[in-house]
Amino acid sequence: MRAEFLGHACWYIESEGVRAIFDPFLRDNPQASRQPEDIHVDYVFVTHGGEGHTDHDADAVEIAKRNRALIVTTTELGMRYAQQGARVHRMQVGGKKGFPFGHVRFVAALHGTGVAGGHAAGIVANLFGKTFYHAGDTGLFSDLKLLDGVIEPRIDLAALPIGGNFTMNVEDAALAARWIRPKVVMPMHYDTWPAIRADADDFKRRVETGSDIEVRVLKPGETTEV
Ligand code: NI
Ligand code: MN
């Protein structure tokens, strides 16, 4: 499984030829390492979005339509994207569904979403036996412990927000990482704007000290493999 950080909370994931983008936000993203027209994917995953949260879905419909890709998101956002002409599969927090590449589980996130009646989610995507957990935007909450081998096998690769203000800060995210205990964790959702400045090296120290979790700090445009 290969992961490319596209900036902010946007990730490109590729495994055995299946290509996916998570929380596509590129055109108005000051960190973006690519533009929507440079994205070639089969799936578009969206944790949450809409008013106040377009830093997670601004380019979802454009990328989906250009690629004839399937958007996988929550029910209410999915209805909105379908009305805009995208192909959509709608899920909801707590739901797990099989896909040709493996399975997807929508999990809780302590956050909001900009669509009436909607919930923010985190997403666990199992691609050919390797799991990627995208936490979306979330504050710290103790049910994150369910991700440490309880509802899914141990997560291979996780992306956690560390920027504070809207989400967990470095201290909270380091605690979350220890609760989730992924093999590899990557910080996201920081340094995009002044309100979410954070020290990723401090996050790395806090997580790695006395644990078997590896922190990989990727700059936008960088790639890693698990
Ligand atoms: Ni948000
Ligand atoms: Mn956000």
Side-chain angles (χ1 to χ4, degrees), residues 3-13 20-36 39 44-64 71-81 90-94 106-125 132-141 143-144 147 158-174 176-177 180 185-200 203 217-220:
E4 180 181 342
F5 186 37
L6 302 182
H8 195 56
C10 185
W11 296 88
Y12 173 83
I13 301 288
I21 191 167
F22 284 72
D23 283 8
F25 170 56
L26 300 172
R27 215 177 285 292
D28 297 328
N29 176 354
Q31 282 194 336
S33 57
R34 291 208 254 165
Q35 288 302 305
I39 301 296
V44 177
F45 291 94
V46 178
T47 61
H48 72 296
E51 284 71 43
H53 305 272
T54 54
D55 57 316
H56 296 262
D57 74 340
D59 303 311
V61 169
E62 179 186 341
I63 289 169
I71 300 181
V72 181
T73 188
T74 53
T75 51
E76 297 83 2
L77 276 178
M79 289 182 69
R80 178 179 291 189
Y81 303 149
R90 297 184 292 137
M91 296 181 63
Q92 194 49 281
V93 172
F106 272 57
V107 296
L110 189 57
H111 194 70
T113 193
V115 58
H119 289 280
I123 300 174
V124 178
F132 173 60
Y133 166 55
H134 188 299
D137 282 350
T138 188
L140 184 66
F141 64 106
D143 276 2
L144 289 168
L147 291 169
L160 299 185
I162 68 162
N165 194 71
F166 306 110
T167 69
M168 300 186 286
N169 62 13
V170 164
E171 292 85 348
D172 292 351
I180 298 161
V185 62
M186 308 176 294
M188 65 173 178
H189 212 278
Y190 69 101
D191 285 359
T192 318
W193 301 287
I196 56 172
R197 290 237 185 282
D199 183 352
F203 173 71
V217 179
L218 269 62
K219 293 190 185 72

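Atoms within a ligand are numbered from 1 in the order they appear, just like the ligands themselves.
Between the side chains of Asp137 and His53, no donor-acceptor pair of N or O atoms lies under 3.5 Å. Using modelled atom types, one finds a donor on one side chain and an acceptor on the other under 3.5 Å when comparing Asp55 with His189.
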Taking it one step at a time, do Thr74 and Val115 satisfy side-chain contact (heavy atoms from CB on, under 4.5 Å)?
CA-CA 10 Å; Thr74 53; Val115 58; 5.6 Å; no
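One finds an angle of 90° at the Mn ion (ligand 2) between NE2 on His56 and OD2 on Asp55, to the nearest 10 degrees. For the pair OD2 of Asp137 and NE2 of His111, the angle at the Ni ion (ligand 1) is about 90°; rounding is to 10 degrees.
Sorting the N, O or S atoms of His48 by how far they are from the Ni ion (ligand 1) puts NE2 first. Nearest N/O/S atom of His53 with respect to the Ni ion (ligand 1) is recorded as ND1. Closest N/O/S atom of His189 to the Mn ion (ligand 2): NE2. No other N/O/S atom of Asp137 lies as close to the Mn ion (ligand 2) as OD2 does.
In summary, no N, O or S atom of His53 is located under 2.8 Å from the Mn ion (ligand 2). His56 lies apart from the Ni ion (ligand 1) in this respect, since none of its N, O or S atoms is found at a distance under 2.8 Å. Taking 2.8 Å as the criterion, Asp55 does not count as a coordinating residue of the Ni ion (ligand 1), since none of its N, O or S atoms falls below it.
Atom NE2 of His48 and atom CG of Asp57 lie 8.0 Å apart (nearest 0.5 Å).
Taking the six-membered ring where the residue is Trp, Phe22 and His134 present parallel rings, their angle staying beneath 30° rather than reaching 60°.
Taking the side chain as every heavy atom from C-beta outward, Phe5 and Ser33 never approach each other to under 4.5 Å.
Ring-centre distance between Tyr190 and Phe203: not below the 6.0 Å cut-off.
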